[in-house]
Structure formats: structure tokens, C-alpha cells
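Each remark here refers to the structure printed beneath this line.
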Amino acid sequence: MSNMEDWPEPVVRVQSLSDSGLSCIPPRYVKPLSDRPTFENTSSNYDNANIPIIDLSGLFENKNGDLIVTSSNNSSNSNTFSQISVACREWGFFQVVNHGVSHELMDGAREAWREFFHLPMEKKQKYANKPRTYEGYGSRLGIEKGAILDWSDYYYLHYLPLCLKDFNKWPASPPFSR
């Protein structure tokens, strides 16, 4: 478990604050006006935002029920990699379609995390992050005392490279229920 004294101030989980029946969001979670989006620096018409959608179907081929990466030197792959590059530079994110991950697996992962976040706080705290890493269950990023915080709890895990993966942060519960 993360030693809470390592933090510059007590860590209060957002879920705990939300469950406490607060009538308003505490000031430490409210960004200054200068840090909030304005019409000058955001699109006022989100219906026409055209978030990049990247189709990965050309990167894989089905061989005996297994998806394998196709040859990386074909023009379809080059076009897909170019789209990813542009989306990362211009948007910072994108939506992926035809990625080959089954809906059942995605639904199961979402349900497993939903079950984790509904566990009692003391069980979740076993996987708490530490001040100098995001990995694990957390509510704040960084260690600056008095920082404005995001109104969220999160769970962050390294998968690859293996040298970064902390197996102690991978929860044993909830058990996969499907």
C-alpha cells in the first residue's frame, strides 16, 4: 500500500467526496478561469468537430482465426500510420475502428473495472499509487502542494515494456465475472 505520508497533503478520493453528499465541488477542484476552455480557444460547434477516426482493418489479416499484422511496407499501412501521426499531432487523440478486439472482451474489461471501482475503499487502497508514479489507483497526479486537482479517480497500469510493469499494482479482485 502507498504510504499516505509520502504525499504533501492528505489524499482524499474523489469517490469519497462525491459519496459524502457535498452540495458543491471543493475549490481545490475548480480550475481558474484562465485555465478553462473559452470560445476563443475551442470550437463552439462540437457537432462538426470531426474527431479523427482511424480504421485499422488494413493492418491485420485473419489467418486461421488469429489476427496477424500484415506486411508493414504496403501503401494501406503507410496511409494508416500517416493518419495516426496527423491525429496525434493535431488532436492528441483519435477513435479506432476495426481493431480486432472483440466486443465481449471490451465489455468484460469495462465490467471488471466497474466492479473494482465499486469495491470498498480499503480494498482499493491496497493498489494506491505513490507520489512519484501514476501507476495504480489514484486521485491526483504530481506532488505539488495546493495544486488544483482533477475531479476524478483513476487506475493506471503499465503493460509494456515489462521493465515498467509493477505486478503489485495489478489487482487480484474483482474476479472476472463472465
Side-chain angles (χ1 to χ4, degrees), residues 1-47 49-52 54 84-96 99 101 105-177:
M1 182 191 292
S2 174
N3 184 351
M4 291 302 203
E5 289 103 40
D6 292 344
W7 293 97
E9 53 206 357
V11 174
V12 180
R13 301 294 178 207
V14 172
Q15 181 180 359
S16 297
L17 291 170
S18 179
D19 290 346
S20 73
L22 291 173
S23 60
C24 63
I25 296 175
R28 73 170 316 153
Y29 295 93
V30 179
K31 303 230 183 252
L33 288 174
S34 61
D35 291 346
R36 296 181 201 172
T38 64
F39 285 111
E40 290 80 42
N41 59 18
T42 59
S43 170
S44 60
N45 187 355
Y46 295 107
D47 292 335
N50 294 321
I51 293 169
I54 312 286
I84 292 169
S85 177
V86 169
C88 288
R89 281 193 318 274
E90 294 181 8
W91 284 83
F93 64 93
F94 51 91
Q95 179 181 353
V96 174
H99 43 68
V101 179
L105 179 59
M106 290 187 293
D107 290 344
R110 188 174 20 258
E111 185 57 31
W113 285 115
R114 185 174 289 118
E115 288 178 31
F116 175 84
F117 278 97
H118 284 95
L119 288 172
M121 190 61 68
E122 59 275 2
K123 288 190 177 187
K124 291 185 283 197
Q125 281 299 114
K126 292 178 186 174
Y127 305 101
N129 68 333
K130 295 184 179 175
R132 297 193 184 0
T133 179
Y134 301 136
E135 194 165 20
Y137 173 60
S139 296
R140 64 177 295 150
L141 305 175
I143 58 171
E144 182 183 332
K145 188 171 183 161
I148 300 295
L149 303 175
D150 289 327
W151 186 252
S152 66
D153 293 333
Y154 68 88
Y155 208 110
Y156 180 83
L157 295 170
H158 288 289
Y159 184 70
L160 292 174
L162 287 176
C163 64
L164 293 178
K165 189 174 184 177
D166 181 350
F167 289 91
N168 295 318
K169 297 295 182 183
W170 287 71
S173 67
F176 188 63
S177 60

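Between Y127 and Y155, the ring planes lie tilted relative to each other; the angle falls in the 30° to 60° range. Note on ring orientation: taking the six-membered ring where Trp is involved, the planes of W91 and F93 are perpendicular (angle over 60°, cut-offs 30° and 60°).
Atoms CG and CZ, on L105 and R110 in that order, are 10.5 Å from each other to the nearest 0.5 Å. Distance CE/M121 to CG/D19: 7.5 Å, rounded to 0.5 Å. In this structure, CG on D107 lies 9.0 Å from CZ on R114, to the nearest 0.5 angstrom. In this structure, CZ in R140 is found 10.5 Å from CZ in R13, a value given to the nearest 0.5 Å.
Judged purely by atom type and a 3.5 angstrom limit, K126 has no side-chain atom pairing as donor or acceptor with the backbone of K169. Side chain of S18 to backbone of Q15: no donor-acceptor contact under 3.5 angstrom is found.
Between H158 and K165, the shortest heavy-atom distance links the atoms O-CG, 3.4 Å. Shown here for F94 and V96, the closest heavy-atom pair between the two residues is CE1-CG2, 3.4 Å.
Residue N129 forms a side-chain hydrogen bond (donor to acceptor under 3.5 Å, both in side chains) with just one option from Y156, Y154, Y137, and that option is Y154.
When the side-chain contact (heavy atoms from CB on, under 4.5 Å) test is applied to P27, no partner is found at least two apart in sequence or on another chain. With sequence neighbours excluded, the residues satisfying ring pair (Phe, Tyr, Trp, His ring centres under 6.0 Å) with Y29 are W151.
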Name every donor-acceptor pair, under 3.5 Å, that has one atom in a side chain of residues 143-150 and the other anywhere in the protein, sequence neighbours excluded.
residue, atom, partner, partner atom, Å
D150, OD1, K31, NZ, 3.3

